[in-house]
Amino acid sequence: MLIAGNWKMNGLASSLAEVKALRQSLEATPAACDVLICPPTTLISRLAPETGPKIAVGAQDCAPKSSGAFTGDIAAEMLADAGASWVIVGHSERRQYHGETDSLIAEKTKAGWRAGLKVIVCVGELEAERVSGKAEDVVGKQLSFLADGATAANMVIAYEPVWAIGTGRIPTMEDIAAMHGFIRKTLAAKFPGEGDNMLIQYGGSVKPDNAAEIFKVKDVGGALVGGASLKAKDFLAIIRAV
Ligand code: 13P
């Protein structure tokens, strides 16, 4: 399993104390899963030396190109250079607030691989799409754009129902199982020999008190955690729930 913290647009130098606390605990009692923190870009190079071998560092987005006149954009190569080994692409907040399309997300995925990063690709439906019975259609279409060349070692899928993000609401365990099963089937068909082994994380209001139940669901390969990853105590409780 992979438990990843997406700090989103949160975190200043003072947040490094949380990472130190996390590291101390994981060095004393190793985690039963892989652990990743994706801070804002400004903190990657400061956080990387603090994490030690037990915690990987990732970015929350990357540009498709490796360099050039793209003011404000950050290339995957720059993230790797700063100490990242992972990048998240296609988060619903990028899709929603920055108009990112499935084909752009595939370009970003390839950019991550080009720079040697492992990539978490986020998919998930809106509430209206779930209510109208279209959740699998929506996620299936997002998955149909996944970049060629994906392997169990270079890509993880994060299923994040948009209506569960930051709301405290989560799908039923049956709905999580059904969607993860659907994603597994789709990956296995699209990437023969690899899709069966790709991790499929669940994301959306994962907290210390619901993590253990979610991790028992078949085909759940960890979590992409937002709010509850900001404090070492909560994030640790989720890691320990594995
Ligand atoms: P929350 O855990 O705050 O709901 O956020 C989930 C998320 O979007 C992680 O990428």
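If you're wondering where the values come from, they're calculated on a predicted model, not measured in any experiment. We count ligands from 1, going down the list as the structure has it; atoms in each ligand are counted the same way.
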Exercise. Can you check side chain to side chain donor-acceptor pair (under 3.5 Å) on E125 and Y159, steps first, answer last?
Worked result: CA-CA 9 Å; E125 81 286 354; Y159 168 57; 2.8 Å; yes
Exercise. Taking distance alone, with no angle check, do T167 and ligand 1 share an N/O pair under 3.5 Å?
Worked result: no
For this session: Could you label the plane-to-plane angle of the Y202 and H180 rings as parallel, tilted or perpendicular, counting under 30° as parallel and over 60° as perpendicular?
Result: tilted
For this session: Please state whether K8 comes within less than 4.0 angstrom of ligand 1, counting heavy atoms only.
Result: yes
For this session: Could you list the atoms of ligand 1 found under 4.0 angstrom from a heavy atom of E160?
Result: 6 (C), 7 (C), 8 (O), 9 (C), 10 (O)
Problem set entry | H91, any N or O under 3.5 Å of ligand 1 N or O | yes
Exercise. Any chance NZ of K231 has more than 12 other-residue heavy atoms, nucleotides or ligands included, within less than 6.0 Å?
Worked result: no
Exercise. Counting heavy atoms only, which of G226, A158, S92 comes nearest to atom 1 (P) of ligand 1?
Worked result: G226
Problem set entry | Atoms of ligand 1 close to G227 [distance to a heavy atom under 4.0 angstrom, numbered from 1] | 1 (P), 2 (O), 3 (O)
For this session: Heavy atoms only: give me the nearest A212-A241 pair and the separation to one decimal.
Result: N-CB, 3.9 Å
Exercise. If you measure from each heavy atom of G204 to ligand 1, is any distance below 4.0 Å?
Worked result: yes
Exercise. What are the two closest non-hydrogen atoms of P64 and R114, and how far apart are they?
Worked result: O-NH1, 2.9 Å
Problem set entry | Minimum-distance pair of heavy atoms, taken over all atoms of L199 and M1 | CD1-C, 4.3 Å
For this session: Measure the distances from the heavy atoms of G166 to every atom of ligand 1 and state whether one is below 4.0 angstrom.
Result: yes
Exercise. Any idea which heavy atoms bring A223 and Q201 closest together, and the distance?
Worked result: O-NE2, 3.0 Å
For this session: Record the part of N6 in heavy-atom contact with ligand 1 below 4.0 Å; permitted values are side chain, backbone, both and neither.
Result: side chain
For this session: List every atom of ligand 1 that sits less than 4.0 Å from any heavy atom of L224, numbering the atoms from 1 in the order shown and giving each element.
Result: 9 (C), 10 (O)
